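Down below is the structure, laid out as structure tokens.
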Amino acid sequence: MKLLTHNMLTSHVKGVTKGYPLLIKATEVKVNEVDFNPKFVCRMIPKLEWSALVQAADQLGHREDLPGELVPDYEKNEDFLKKVHRVLLEVEVIEGCLQCPESGREFPISRGIPNMLLNEDEA
Amino acid sequence: MISLSFLLFVDDMAPQASGLSPPVTFIALTPCLDRSRPQTLLRMSSQAEEAAEQTSNTVEAPTSSSSTETDPTNGTIITVTVGATVPTGFEHTAAEEVKEKIGVDARVSKDRGRIYFPITTDKLFQVHLLRSVDNLFVVVAEYDHYQFKESKEETLNELQELASKLPWTSALEVWRLNRTLKKKKGHRKAGNATRAKSNAEPSEVPAAAAAAETEQQELPQVMSPDDDDAKAEVTPDSETRQQDLEDTAPEVKLIKFRVTCNRAGDKHSFSSNEAARDFGGAVQEFFQWKADMTKFDIEVLLNIHNDEVVIGIALTEESLHRRNISHFGPTTLRSTLCYGMLRLCKPQESDIILDPMCGTGAIPLEGAIEFNESFYIAGDNNDMAVNRTVNNICHIQKRRADKGSPCGLPIDTVQWDLSNLPIRTSSVDIIITDMPFGKRMGSRKKNWDLYPSCLREMARVCRPGSGKAVLLTQDKKCFAKAISRMGGLWRKLHTVWVNVGGLHAGVYLLKRTGSVFGQTPEDVHESRGRGDAQKDERDDKELC
């Protein structure tokens with residue numbers, strides 16, 4: 001699971017109102033090489049919840065020097081875009097789990113696949 | 001189309017006695033005129049055309065490199081017509097792709113899954129970059145209004161006579177050229193960990209290698225590793241055959257062939273088998289090739305649709321339309337169909353694209369390879385499906401890694417329940433999926449309940465105003481009903497009727513309206529069936 005995907009995922013347990021962002025507990029993390037496309041990163045940033053991304057990167061120990069707030073004029077800052085690229089697409093959680101911040105419910109991640117299926121009583 | 005002022009035929013003396021050299025050098029046939037021809041022959045690939053056009057070819061020199069014109073070893077450039085079979089319904093999409101990647105206008109055989117376009121031999125490799133075509137062939141001859149004789153016997157006789165009179169030369173030249181291109185690709189993919197090919201690695205057939213190198217120099221575009229990936233997906237059968245070709249120097253090998261006839265129409269006096277048999281017999285007689293149904297070098301195609309007759313030579317082997325998939329599921333879609341659907345929704349850079357019922361991941365994987373500037377999230381509720389999807393993704397990534405290219409693909413897989421997606425509201429740009437038909441998977445009754453809740457949930461996660469959905473389903477009635485109650489959320493833009501595994505299905509292109517989810521009339525009345533509908537909607541909005 002890449003952090004870009006994590007940024008889109010939310011807990012949907014019944015009754016939960018603050019199910020985002022999910023907390024990550026990773027036991028296995030991998031870093032892959034992915035072609036860097038600055039325009040892709042640039043256009044993706046507005047679609048992200050920035051603080052959730054930083055928090056997730058932090059939880060994985062891969063935050064490095066990613067700023068807590070978006071830098072102004074990031075479109076032209078290739079250095080910054082490369083850091084975002086790395087965190088969004090290259091860092092992957094292979095084993096671990098995602099945790100609903102409100103209910104504490106854990107969703108396992110195995111082979112990079114988060115299992116978000118709910119039980120009958122939770123849906 | 002160019003109309004010809006004269007026709008070119010092979011010397012019409014008895015084939016064995018004519019200037020026809022031993023089978024393998026059939027391309028050295030001496031052309032001559034034959035005015036006794038009964039049929040009107042249209043649109044042939046011929047050296048006459050080539051002679052006429054050669055000047056303009058060299059002068060016009062399109063954006064590709066000019067080395068082809070000056071390259072002495074490759075010989076003359078000829079123009080031929082190539083035919084392609086495409087998923088029925090996506091003919092125009094394929095024509096668009098041809099225009100985009102080859103720069104020529106294609107002729108569409110509407111709803112017949114065929115398109116035709118001209119190409120010069122120096123650009124032949126480009127046909128293998130097309131992602132919307134299942135199979136390719138070079139046209140030998142086309143007849144728009146073939147006058148079949150009254151009796152079966154006369155008709156079949158005429159077909160037999162036809163064999164020796166067709167302008168085979170250019171088409172065979174293209175076939176030969178194409179085989180060299182494929183061999184070259186075969187060698188490039190020898191870096192792959194496939195055991196069948198491992199002993200082909202170190203040695204290359206000298207003639208082919210020389211030709212391949214020449215071709216390599218003149219190729220104006222470098223084929224990216226991605227293209228190779230796609231073409232490298234060959235079945236064991238074709239791999240073995242490639243190996244056969246490599247083992248023997250092409251010039252002394254006896255050519256093996258078969259004829260495949262597709263016939264449609266209710267006024268024919270003969271069957272496709274009879275036509276294939278008789279035509280094939282005459283071809284064999286003429287060229288002195290050996291007929292072989294399974295291990296053939298040349299596949300001659302005889303396509304008869306009412307009074308349209310097209311004779312061609314195949315440029316692709318049969319099973320290339322599942323190019324990305326190594327782990328199949330029960331309903332895996334052809335990659336060409338996936339490509340057609342993706343093209344329909346025009347993925348933009350940085351689009352977030354969801355397939356909430358991904359099965360083996362065919363659609364998002366094709367997207368991650370071909371429209372790789374977007375990001376794909378593939379999901380399914382089924383254990384086997386998500387595992388197969390990940391297997392398929394890994395397979396492609398490993399192939400890339402083996403070639404030393406960055407292997408990461410812009411795709412992730414999640415296990416989820418489609419009617420309750422764990423995805424933020426309004427965060428997805430495109431939803432693209434193959435909805436359960438109820439025939440091969442699921443059931444009609446289940447669809448009745450499933451479709452409306454699917455469409456609602458998809459509307460929730462899809463970005464209002466700019467979002468789109470491309471949905472394939474065979475259950476048109478159920479879909480139409482579900483959609484009719486969602487006018488506030490979805491608007492139908494376009495429908496493409498396709499054929500999927502013999503079933504007539506629709507690909508629906510929908511636009512997400514600008515309405516915020518939870519505020520359209522249908523939302524006020526519809527409930528999720530559980531809990532407080534309005535509270536649910538408020539919760540959704542909080543997640544925005």
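Bear in mind that the values here come from a model prediction, so they are computed numbers and not experimental data. Values below: all heavy atoms of this structure, side chains included; hydrogens, waters and symmetry mates excluded. Below, chains carry the letters A, B, ... as their sequence lines are ordered, and counting in each starts from 1.
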Could you tell me whether the side chain of B:Asn387 reaches within less than 4.5 Å of the side chain of A:Ile113, counting heavy atoms only? yes
Could you tell me which of B:Leu421, B:Thr389, B:Val428, B:Asp429 has the largest number of non-hydrogen atom pairs under 4.5 Å with chain A? B:Asp429
Chain B shares the most heavy-atom pairs under 4.5 Å, among A:Leu48, A:Leu9, A:Val13, A:Leu118, with A:Leu9
List the atom of B:Trp416, the atom of A:Leu117, and the distance in Å for their closest heavy-atom pair. C-CD2, 3.5 Å
Grab the two heavy atoms, one from B:Ile352 and one from A:Met44, that are nearest each other, plus how far apart they are. CD1-SD, 3.7 Å
Inter-residue atom distance A:Phe40.CZ - B:Asn372.CG, 0.5 Å rounding: 9.5 Å
Can you tell me which of B:Pro406, B:Gly408, B:Pro422 forms the most heavy-atom pairs within a distance under 4.5 Å of chain A? B:Pro422
Most contact-rich option vs chain B, by heavy-atom pairs under 4.5 angstrom, among A:Met1, A:Lys39, A:Lys47, A:Met116, is A:Lys47
For the atom pair CD (A:Glu49) and CZ (B:Arg424), what is the distance rounded to the nearest 0.5 Å? 4.5 Å
With chain B as the partner chain, list the residues of residues 78-97 of chain A whose heavy atoms fall under 4.5 Å from it, by residue number, and write 'none' if nothing qualifies. A:Leu89, A:Glu92
Look at atom CD of A:Glu64 and say whether more than 12 heavy atoms of other residues, nucleotides or ligands are closer to it than 6.0 Å. yes
Using non-hydrogen atoms and a limit below 4.5 Å, what part of residues 22-37 of chain A faces chain B? A:Glu33, A:Val34, A:Asp35, A:Asn37
Can B:Asn420 and A:Glu122 be said to form a side-chain contact (heavy atoms from CB on, under 4.5 Å), step by step? CA-CA 11 Å; B:Asn420 194 1; A:Glu122 294 171 306; over 6 Å; no
